[in-house]
Chemist: 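I'd like to ask some things about the structure below.
What you are looking at is a predicted structure, and each value in this text was computed from that prediction instead of being measured. Sequence lines set the chain letters: A, B, ... in the order given, protein chains first and strands last, and positions in each chain run from 1.
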Protein chains: 2
Amino acid sequence: MSSENRGLTERKKQILKAIVDAHIEGGGPVGSKYILQNQQLKCSSATIRNEMAELEEMGYLEQPHASAGRVPSELGLRFYVDTLLEHYAMTTHEIAQINNLLRAKMGELDQILKAASNLASNLTNYTGIAIKPRVSSVSIAKYETIYLEPTHYILVAVTSSGAVKSKHVRTEGEITEEELARLSGLLNSYLTGIPAEQITLPLLMEMETRMGEGAWQVGVAVKVIYALLRELDEGEMSVSGINRLLQYPEYSDVGHLQELLGTLEKKEDILDLVSRSQNDDISIMIGSESQVKVMNNSALVFKPIVKDGRTVGAIGVIGPRRMDYAKVLATLEGLSGNITNMLETDKQLNGGRSDGGN
Amino acid sequence: MSSENRGLTERKKQILKAIVDAHIEGGGPVGSKYILQNQQLKCSSATIRNEMAELEEMGYLEQPHASAGRVPSELGLRFYVDTLLEHYAMTTHEIAQINNLLRAKMGELDQILKAASNLASNLTNYTGIAIKPRVSSVSIAKYETIYLEPTHYILVAVTSSGAVKSKHVRTEGEITEEELARLSGLLNSYLTGIPAEQITLPLLMEMETRMGEGAWQVGVAVKVIYALLRELDEGEMSVSGINRLLQYPEYSDVGHLQELLGTLEKKEDILDLVSRSQNDDISIMIGSESQVKVMNNSALVFKPIVKDGRTVGAIGVIGPRRMDYAKVLATLEGLSGNITNMLETDKQLNGGRSDGGN
DNA sequence: GGTTAGCACTCAACGCAAAAGAGTGCTAAA
DNA sequence: TTTAGCACTCTTTTGCGTTGAGTGCTAACC
């Protein structure tokens, strides 16, 4: 019988769910009477109290102090998320918002992600994050140079995932347009598809030999490229809607809030967290699950964005532990679906065309 | 006699300065006794009280309630900033920090500005902002295209101020590399140096005629360029060190804080404020001077970054009204001096070389 | 006339005790 | 196993006197 699966009776589940739901909405401890009123259970508050005592013993609930109601523990929230969560259906208005605002931002991935994190924040009322994760080893698919002045050109690099990055290069000596063109060709034939750590001195020397006239320019350019690759390795993260956190009483403790904001500024911890995720499913980290101390009272939910089997970004939401997970999950799914669609459309288009073109 | 200039006696000035100094440091109201102790005035607390009462009548001081000390009013702070401010000398350590961290970030203006705002936040302990102001009409100095696939190329544009911006372009029909090269040439001859509003239909039609084969590609590209120009018009702003605000009691009111954070998120108001500034001096906006309601209890100080006589960015600081203006001014001057130097060095280099090169 | 000592007055802040309220645990009966 | 009832616990709220910082005013002083 399913009434005994996972070691919890149906009634216990119902009570746990009711408590979590109420706690998510209100933020405070939940008492037995409240549940009795807002739930059609054919039993008395005393029975509920007994059940609650047992749920507490099992570790799903906690009691702030003797005469308060119960609050779901981390374990309780985890169980709720894994087993009890009801599907949230987005309103047509929300769907429309996603469609409109995201389509309008069609363009570079960075911008799409930022717009998405903004939307996530708006729709869920938590803080949104947009992430370009650290990747083990990026490589450049194509180089281009733009000549500006005798000692000044721009180096443009297109990464394997389609991102474009540019650097102004100022040289000590002069470079001619012809030299620059040769340099550009050289970069494209020697330095595409390889990660930073494979740019070795022998390789550089070989390139210099091939360059001939103006060989010293190779070193300058390669240094810039190296720096550029390192920057790409770093990952990026942008945050939106920090102000929304303030509406939740769990952040009224200034100390906590300050620490969390500090973590959001530093970006490292969260970037690590997201970059470490293996699959492309939504990840939910409740409280201490994240292993980041300052997030013990918060939850982080994020969804990687995958293109061509490679994780190119992630969008997510940060908020109190008692997050409205149903809504957050639906929103992130909706957003990521939309983004993936946009990327897929491209791919199909390109795929179809290149079949004909090649 | 200078003892009467600006309508304030020397002693009144000294008292006002003492009050503002103490208020900046402590945040609370300042009493007559405190001043007597920390200031060598040869008079009694009663005299100081009399002076304070007069200063209040003149509008320089305010009294939170009858039995509290005095707090400088907006007018008082303004007078302090304009007349009483003492020069703050940066420590060698601070100077070294600016030099090291900024030099390390040498590269794109965006990154320099962000690094500078970060530094500003660190050194002053307020929130730092980096801004690329709205400019009335940007133009593109140079276009470049990067061919990727038959229906997919990248358009790179270099603005007159040296910023690089790129857009992926996906076309419905296919474009050949040869067509793309011609398109690129066309863009460079027709669309350099003109702002968005001068891209007219007749111009487009003329370009299409000149293009010949693949003329429809012109429309696609021009649309992208138009969007790109509009984006450049918008301005950008990034914020760092929000968490530092929390240490100041004036932001312990969650409502205020939330509003201010909202304003920082929206960026518009502050972007407006900065973009509207005329000269390249440091601007100081205390409380309601900014005309932005939510900033009534805050101060905004910023310094435009000028290159070739054109404002290309700004760095600034946001914090409580009782900001340590001396330190903030010194820090911003130091940072902007450094940045300008970096930009100037380029210019001289280029200038010298191009004389020889052209 | 400006300056000073002295004193009454004001008002936020603090501490504390009593009261209120919410919710539990336990017991005994159904 | 469930339930009604009740004593108990602990937080929250409220009220109130106390404290203390700081002022404003008056009268004397130089």
Side-chain angles (χ1 to χ4, degrees), chain A residues 1 3-4 8-16 18-20 22-23 25-58 60-73 76 249-250 252-253, chain B residues 1 3-4 8-16 18-20 22-23 25-58 60-73 76 249-250 252-253:
Chain A
M1 239 15 195
S3 72
E4 279 291 343
L8 284 191
T9 63
E10 256 338 296
R11 192 172 63 189
K12 278 208 177 57
K13 283 191 200 170
Q14 192 180 355
I15 291 176
L16 179 54
I19 291 178
V20 176
H23 177 69
E25 193 177 322
V30 185
S32 55
K33 232 173 188 169
Y34 179 90
I35 291 179
L36 192 64
Q37 283 166 350
N38 295 60
Q39 205 80 8
Q40 42 270 53
L41 275 167
K42 30 192 196 114
C43 62
S44 72
S45 67
T47 309
I48 295 178
R49 278 202 291 283
N50 287 333
E51 295 280 50
M52 276 163 53
E54 285 179 46
L55 281 169
E56 181 173 359
E57 208 164 327
M58 297 184 197
Y60 294 108
L61 295 179
E62 282 165 359
Q63 213 171 7
H65 58 88
S67 80
R70 297 306 205 295
V71 162
S73 68
E250 23 272 274
S252 58
D253 175 354
Chain B
M1 236 18 191
S3 71
E4 281 291 343
L8 284 190
T9 62
E10 259 335 300
R11 193 172 62 187
K12 277 207 178 55
K13 284 192 199 171
Q14 192 180 355
I15 292 175
L16 179 55
I19 291 178
V20 176
H23 177 68
E25 192 177 324
V30 185
S32 55
K33 231 172 188 170
Y34 179 90
I35 292 179
L36 193 63
Q37 284 164 350
N38 296 59
Q39 205 80 9
Q40 43 270 52
L41 275 167
K42 30 191 194 111
C43 63
S44 73
S45 67
T47 309
I48 296 177
R49 278 203 290 284
N50 286 334
E51 295 282 49
M52 276 164 51
E54 284 179 48
L55 281 168
E56 182 174 359
E57 208 164 329
M58 297 184 197
Y60 294 108
L61 295 179
E62 282 165 358
Q63 215 172 5
H65 58 91
S67 78
R70 298 306 206 293
V71 162
S73 67
E250 24 273 273
S252 57
D253 176 355

Chemist: Figure out the CD/P separation between B:E57 and D:dT23, and round it to whole Å.
Modeler: 16 Å

Chemist: Among residues at least two apart in sequence or on other chains, which ones pass side-chain contact (heavy atoms from CB on, under 4.5 Å) with B:P249?
Modeler: B:R322

Chemist: Under the criterion side chain to side chain contact (heavy atoms under 4.5 Å, CB included), which of A:V20, A:V30, A:L16, A:I15 is the partner of A:L61?
Modeler: A:L16

Chemist: With sequence neighbours excluded, what pairs up with B:Q39 under the side-chain contact (heavy atoms from CB on, under 4.5 Å) test?
Modeler: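 Result, side-chain contact (heavy atoms from CB on, under 4.5 Å) vs B:Q39: B:Q14, B:A18, B:I35, B:L41.
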
Chemist: With sequence neighbours excluded, give me every salt bridge (charged side-chain N to carboxylate O under 4.0 Å, His left out) pair touching residues 25-44 of chain B.
Modeler: none

Chemist: Just the atom pairs and distances: protein N or O near nucleotides 26-30 of chain D's N or O, under 3.5 Å.
Modeler:
none

Chemist: Quick one, give me the B/S/- string for nucleotides 10-17 of chain D, reading 5' to 3', where B means a protein heavy atom under 4.0 Å from the base and S means that only happens at the primed atoms, P, OP1 or OP2.
Modeler: BS------

Chemist: Whole-Å distance between D:dG24 C1' and B:E54 CD?
Modeler: 14 Å

Chemist: Going by the rule side-chain hydrogen bond (donor to acceptor under 3.5 Å, both in side chains), which residues pair with A:E56 if we only count those two or more places apart in sequence or in a different chain?
Modeler: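 Once residues adjacent in sequence are excluded, the partners of A:E56 under the side-chain hydrogen bond (donor to acceptor under 3.5 Å, both in side chains) criterion are A:R70.
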
Chemist: Please name all residues satisfying side-chain contact (heavy atoms from CB on, under 4.5 Å) with A:S252, sequence neighbours left out, ordered by chain then number.
Modeler: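 Testing A:S252 for side-chain contact (heavy atoms from CB on, under 4.5 Å), a comparison that skips the adjacent residues, returns none.
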
Chemist: Using whole Å, report how far NZ of A:K42 lies from P of D:dT3.
Modeler: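 Taking atom P of D:dT3 as the reference, NZ of A:K42 is at 10 Å.
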
Chemist: Would you mind telling me which of C:dT24, D:dG24, D:dT3 lies closest to the side-chain atoms of A:R70?
Modeler: C:dT24

Chemist: List the steps, then state whether side-chain contact (heavy atoms from CB on, under 4.5 Å) holds for B:I19 with B:Y60.
Modeler: CA-CA 10 Å; B:I19 291 178; B:Y60 294 108; over 6 Å; no

Chemist: Going by salt bridge (charged side-chain N to carboxylate O under 4.0 Å, His left out), name the pairs with one or both residues in residues 43-53 of chain A, residues two or more places apart or in two chains.
Modeler: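 For residues 43-53 of chain A, and leaving out neighbouring residues, the salt bridge (charged side-chain N to carboxylate O under 4.0 Å, His left out) pairs sorted by first residue read A:R11-A:E51, A:K12-A:E51.
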
Chemist: Could you check how far CG of B:L61 sits from C1' of D:dG22, rounded to whole Å?
Modeler: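 Going from B:L61 (CG) to D:dG22 (C1'), I get 14 Å.
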
Chemist: What closest approach, in Å, do A:P29 and A:P64 show between heavy atoms, and which atom pair accounts for it?
Modeler: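 In terms of heavy atoms, the two residues are closest at CG-CG, 4.0 Å.
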
Chemist: How close do A:G28 and A:H23 get, heavy atom to heavy atom, and via which atoms?
Modeler: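 A:G28 and A:H23 have their closest heavy atoms at O-ND1, 2.9 Å.
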
Chemist: Provide, to the nearest angstrom, the distance between the CD atom belonging to B:Q63 and the C1' atom belonging to C:dA12.
Modeler: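 Atom-to-atom, B:Q63 to C:dA12, this comes out as 13 Å.
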
Chemist: Starting from C1' on C:dC7, measure out to NZ on B:K33 and report it in whole angstrom.
Modeler: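 In whole Å, C:dC7 C1' and B:K33 NZ are 13 Å from each other.
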
Chemist: Do you know which two heavy atoms are closest between A:L36 and A:S44, and how far apart they sit?
Modeler: CD1-C, 4.2 Å

Chemist: Which heavy-atom pair separates B:S32 from B:S45 by the least distance, and what is that distance?
Modeler: CB-O, 3.9 Å

Chemist: Would you tabulate the nitrogen or oxygen pairs shorter than 3.5 Å linking the protein to nucleotides 14-20 of chain C?
Modeler:
none

Chemist: Rounded to the nearest angstrom, tell me the gap between atom CD1 in B:I15 and atom C1' in C:dG2.
Modeler: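 That distance rounds to 13 Å.
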
Chemist: Within residues 44-53 of chain B, which residues have any heavy atom lying less than 4.0 Å from an atom of DNA chain D?
Modeler: B:R49, B:M52

Chemist: Quick one: list whatever passes salt bridge (charged side-chain N to carboxylate O under 4.0 Å, His left out) with A:E62, sequence neighbours left out.
Modeler: none

